Amino acid sequence: MTWISQHWQTLAAATIVAVTAVIFLIRALRRKKSSACGHNCGCNK
Amino acid sequence: MAFTTELERDSALNLSQAAVGCEFQIKQLDGPSCKQLREIGFCEEMRVRKVSNGRNLICAVCGTRLALSHKLAEQVFVTAL
Amino acid sequence: MSTGENNALPKVALVGHPNVGKTTLFNQLTGERRKVGNYAGVTVEKVSATIFTPHGHQLELVDLPGCYSLTPESPDERVTRDVLLGDFAEEARPDLIINVVDAASLERHLPLTLQLIELGLPVLVALNQVDRAEAKGLRLNPQVLSDELGVPVVACQATSGKGVVQLKQALRFPLPPAAERRWKGSAALEHAIADLSKKLEALGMERPEVHALQLLGDTDYRVKVQPKLPREAQIAAREAAAACIKENLVPEDEIIKLRTQTIRRAITAAAHTMGNEGETLSDKIDRAALHPIGGWFFFAAIMFAIFWSIFRFAEIPMHWVELGVGYTKDWVGGLLPEGDLNSLLTDGIIEGVGAVVIFLPQILLLFLLIGLLEGSGYMSRATFLMDKVMAQVGLSGKSFLPLLSGYACAIPGVMATRSINSNKQRLLTILVLPWQSCTARLPVYAILIPLLIPSVLGQTTMMFFIYFLGTGTALGVAWLLSKRIGVGEAAPHFLLELPPYRLPDFSYVFRHVLDRGLAFLRKAGSLILGIVILLWALGTYPKAPSGEEQDQFNYSAMGRIGHFIEPVVKPLGWDARLGTATLASFAAREVFVSQVAVSFAVEEDEDDEDAFRAQIRTAMTDSRKPDGSPAYPPLTVFSVLIFYIYALQCLPTTAVVQRETKSWKWALAQLAGMSLFAYLAALIVYQGGSLLGF
């Protein structure tokens, strides 16, 4: 327990970083997929 | 809609050649861009006043000013008023 | 985007020429509520809002892009046409069209009105600018016009709000009946239309008669590739047209003639001219603004005034932003004890967001000024003047506004290219646009320029030089590329309306600027926020052992990457620090400054940006290489500067380019090409400069 209370900031920070990295990965993969199918032309926001 | 002879076309006055500052009446639209010209407001029987010359010329039609390239203006045939 | 959520709400679309007052009318009808697409171009957005009629019904009002006719010349006109024909999967066909028409110019506007009537949808004509028409001596009778056209006509003057109440009243339920075609063609033409309709119906097309009329009336629609039409429909249409031509009947010509006759008749009945139109105030102003020589001075004066205002007036709000970020940082930092989370929140996140928000004043100001210029009507004169110059390099006069917007931010500039008719010119404009020095590069310039030139006058001159270099390269490369891209395409013609000068609609412009600002914050803030978090992690871990905190950079992952790429950047005169800062700023330029600061372990002082920058500069100037010579001599600094002028370091821009060109090939080619160009330019500058003894 004391290890966590000593290092909780590092853990919290690391979690945020990991979540961010995952979000980027998901967005990158989704973008590749949507451009591949090619429909969706012309109506862009 | 086209002129019947090449001679007729060549001897007619087009907007590009028309004198600046004078009023004209559009007699005919003839050329590949007629459609575009008509849409923006050039029509037969309409009055047009030439405002300025140059690579792109300016004229006033129906109360609005329009700028067009002289290649387009060559397709608008007019008679002086 | 407007559909999907409110399927039950009836939809009313505003359709009309550009410059007719459509958007002013839209604002009058909707007041504060509107939804706008992100980063849309200036006059080509799809805007919608829900309103309540006086009778308590709710409906959705959509402002479709302006168009001169339903035979489109540019991408946004195509959007309007496709939405109205019901060919857009994501956009429901409107239940009612409000056609905004300029009362002073009926002959030019009614052709579109007739085309809309032929769509078989209910149409309501908003006869706008009645006051202006009356001032010119035109007497109009809306009732007679209504009888001639077969649709309700409401007179209004949108700028003063006159007639808006009547317009709202006209939106009563049930909606007016669908309009009917006002002309009847020759037997052959009617036969062709009926025949083609039957064939299209057999193909399973919706609204076959409407499509048949559109196909026979527009050659391009028949002949050119249309993503929204089945090929068999086009083939059937081509056959029908060919059959007509065999009988000496050109369908488009006859349809146009019939429409013209109908319009003539309507105008003769409903409008009477009294008196002559002399020279208007607009004409007088144009004598100066469009003068072959004087016009350029006028133009230069206006452009100078814009840029001067931005730099002068943005300072104060920028300072407020700095203060705000500083307070926030101190407050949050005080909430937690020292530690990684504290560091992430203050040095990482608040820093990162602060770096984005600091640009907002400049971007907003530039958009505001451009918006006011456009609203006043001057922009089309500028486009007209610039056409000569632009045409020399293969661009169009209409490229001017997008390129100008690029000085604020490339993204709205890229979207504004939708109004350019020619695909080739549009592509060229998009490709070179990022070389317009955008506001994101300013913090980089602010750090580097004073390192090169101490005097303020010298620094200002340097800034001009930088902008000039960016734009000059953009135009030069456009010229080169224009020889190689789309050479076969016929040169498009210049055709532009010059609307009368008027006071801009301030509420529209302000709202527009606000929308842009919010969209920018949202998009940039999310991407940059994410990047800064990741960069913080790369810079913080692995941690330097205690006692060696000054060397954190070299221990961290970022530092190791830096040393890894050092051989690549060495020929440019850079070291690992500059290399990593540049690498980090590839997704967003603003990151350069914080990355350099972090690598020098300089504490960011948000309260005093100048002192902060001065500290960075001192750190750079004092830095020494192992042999004792300065680590960042002027030539190195100059090479970094050159790199930043030319590099495309903005992932959102690449994403928008892909979306607008519908091609990953062009977007990635642009990214790779500009990066390579930047590298080579910096290389030449450094190596060449070294040889010359700098």
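Since the model is a prediction, treat every value here as computed from it, not as a measurement.
- Heavy-atom pairs under 4.5 Å with chain B peak, among C/L112, C/T260, C/T71, at C/T71.
- Ion pairing between a basic and an acidic side chain is recognised when a charged N comes within 4.0 Å of a carboxylate O; C/R381 and C/D286 show such pairing.
- For the residue pair C/Q425 / C/S399, no side-chain donor-acceptor distance below 3.5 Å is found, with atom types taken as modelled.
- Only the side chain of C/D218 comes within less than 4.5 Å of a heavy atom of chain B; its backbone N, CA, C and O stay farther away.
- Of the listed residues C/G397, C/S69, C/A391, C/P500, the one with more heavy-atom pairs under 4.5 angstrom with chain B than any other is C/S69.
- Contact annotation for C/H109: neither backbone nor side-chain heavy atoms come within less than 4.5 Å of a heavy atom of chain B.
- With sequence neighbours left out, C/P111 forms a side chain to side chain contact (heavy atoms under 4.5 Å, CB included) with C/I263.
- Scored by the side chain to side chain contact (heavy atoms under 4.5 Å, CB included) test, C/D131 finds C/Q157, C/S160, C/K162 as partners (sequence neighbours excluded).
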